[in-house]
There are 2 protein chains.
Amino acid sequence: MPRSSREQAARTRESILGEVVDEASVSGLDGITIGTLAEHLGMSKAGVIGPFGSKESLQLEALGRAAAIFRADVWEPAAREPAGRARLAALIEAWLSHLARPAFPGGCFLTQAAADFDARPGEVRDAVQRIGRLWERTLAGEVRAAIESGEIAGVDPEQAAFEVNAIAQGVNQAIQLHRDRDAVERGRRAMRRATGLSDR
Amino acid sequence: MPRSSREQAARTRESILGEVVDEASVSGLDGITIGTLAEHLGMSKAGVIGPFGSKESLQLEALGRAAAIFRADVWEPAAREPAGRARLAALIEAWLSHLARPAFPGGCFLTQAAADFDARPGEVRDAVQRIGRLWERTLAGEVRAAIESGEIAGVDPEQAAFEVNAIAQGVNQAIQLHRDRDAVERGRRAMRRATGLSDR
DNA sequence: CCTACCGATCGGTAGG
DNA sequence: CCTACCGATCGGTAGG
């Protein structure tokens, strides 16, 4: 029994997006080419670009897909914990293992995309910026919740969110560029101290 | 009186490298093209690539040039201070103003190059790795000097070097992607605490 | 989803 | 340092 063509089309889009996300984590979201994607997927270039219309649309959809993977890997395990100390600790652990695994062959997709597009105006840059802002606001909110419940003290939520985000970038660089697995433990210490989970 | 051709050739190389470093900070070290460089320099493509032989050589020399600018901007002002607390504080201030100025139109060149090449083997990757390691070792050494002179305490030199480096990446991203000038002050607080210069 | 094709641009070379 | 050129590949389209 043949699948509906709509279902098949959706499946094709999914497999293309998966390949884009993997390749972009290595070569950058702008470094992908339709020809290379087509070759790796065993498809024609027209078949790759057709469902998306343009390279920029493909980039935007790949960015959305990467954000969804990040959410599933990092946010969802944390969201299962009660707000406060427990959620903050879970979030840090989930983030570190997302970076250590790593979820994408070339390391953190959003760090790569931010570095690639931060100086180039356009829809992709705007989307990266929006995702980054939203995440940093979420982080600050979780720190604030832990402060309000009296579980941590002596930290500024925005400052802590900024630091945890920066440390994640440092861990990613250490793993990807230096193949330094110790960076996970260094990152843990730094993130826990920045959020007031540990004293030092 | 005509300049010697050797002198003229050196001048040409310099102007090409300056353009490469600027463009690469925006589009990535792999995103530059000989054609665009030639157009911006008012030269032919052969004139741009000739003195270097290949795009990879040009990338390697641009990387060396960017490292020299970083050294002049960040290391040299710090090196004029006595080792220990004073030098550490000067280094942090010099680094923050290097990022805030910014020295390259697209922000920190080495962060950009690391993100671009960390997942792609080759000479460029090796060079980025070497420069990064050397710098982190230098940072750790300066923290150690301040500990040994008794000016700071309670910090691990490698941990502090890792954190300061990560915070610099966070400041760069905040400035470039979010146009957030407050990041300099957040970075200062985080770097000073990570190195034991401030308590909080 | 394919083949066949478009004009533009890629990195690089020959020859001067 | 230039002009003129190389084969390869780029993103994308027409037509089926």
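FYI, side chains are in, hydrogens and waters are out, and symmetry mates aren't considered; it's all heavy atoms of this structure. In what follows, every chain begins at residue 1, and chains take the letters A, B, ... in the order their sequences are listed.
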How does protein reach along nucleotides 2-8 of chain C, written 5' to 3' as B (base within reach of a heavy atom under 4.0 Å), S (only sugar-phosphate), or - (no contact)?
BB-----
Residues pairing under side-chain hydrogen bond (donor to acceptor under 3.5 Å, both in side chains) where one sits in residues 82-106 of chain B, two or more places apart or in two chains, turn out to be Asp73(B)-His98(B), Asp73(B)-Arg101(B), Arg87(B)-Glu142(B), Glu93(B)-Arg188(B)
Using a 4.0 Å cut-off on heavy atoms, which residues in residues 54-62 of chain A reach DNA chain D? List them by number, or say none.
Ser54(A), Lys55(A)
From CA spacing to verdict: salt bridge (Lys or Arg N to Asp or Glu O under 4.0 Å), Asp180(B), Arg186(B)
CA-CA 10 Å; Asp180(B) 174 11; Arg186(B) 288 213 191 90; 3.3 Å; yes
Do you know the tightest heavy-atom contact between Pro102(A) and Gly107(A)?
CB-CA, 4.5 Å
Could you give the side-chain donor-acceptor pairs of residues 42-64 of chain B under 3.5 Å, partners two or more places apart or in another chain?
from     : atom 1 : to       : atom 2 : distance (Å)
Ser44(B) : OG     : Gly47(B) : N      : 3.0
Ser54(B) : OG     : Ser57(B) : N      : 3.2
Ser54(B) : OG     : Ser57(B) : OG     : 3.2
Lys55(B) : NZ     : Asp30(B) : O      : 3.2
Lys55(B) : NZ     : Ile32(B) : O      : 2.9
Gln59(B) : NE2    : Leu29(B) : O      : 2.7
Gln59(B) : NE2    : Asp30(B) : OD1    : 3.0
Glu61(B) : OE1    : Arg13(B) : NH2    : 2.7
Glu61(B) : OE2    : Arg13(B) : NH2    : 2.5

Residues touching DNA chain D, which here means a heavy atom under 4.0 Å, drawn from residues 15-36 of chain A:
Ile32(A), Thr33(A), Ile34(A), Gly35(A), Thr36(A)
Please check if the number of heavy atoms outside Glu39(B) that lie under 6.0 Å from its CD is greater than 12.
no
Once you round to the nearest 0.5 Å, how far does CD of Gln173(B) lie from NE2 of His178(B)?
5.5 Å
Carboxylate-amine/guanidinium proximity below 4.0 Å for Arg80(B) and Glu76(B):
no
Show the numbers, then the answer: is there a salt bridge (Lys or Arg N to Asp or Glu O under 4.0 Å) between Glu158(B) and Arg137(B)?
CA-CA 8 Å; Glu158(B) 274 74 31; Arg137(B) 215 168 294 164; over 6 Å; no
Rounding to 0.5 Å, atoms CG (Leu41(B)) and OG1 (Thr36(B)) come to a distance of 10.5 Å
Stepwise salt bridge (Lys or Arg N to Asp or Glu O under 4.0 Å) check, Glu14(B) with Arg65(B)
CA-CA 9 Å; Glu14(B) 287 308 288; Arg65(B) 151 65 73 106; 2.2 Å; yes
Ranges pairing with ranges for DNA chain C, where each run has three or more Watson-Crick or G-U pairs under 3.5 Å:
C:1-16 with D:1-16
Which whole-number value in Å describes the distance from Phe52(B) CZ to dG11(C) C1'?
15 Å
Determine whether a donor-acceptor pair (N or O, by modelled atom type, separation under 3.5 Å) exists between the side chain of Thr111(A) and the backbone of Cys108(A).
no
d(NE2, His40(A); P, dT9(D)) in whole Å:
13 Å
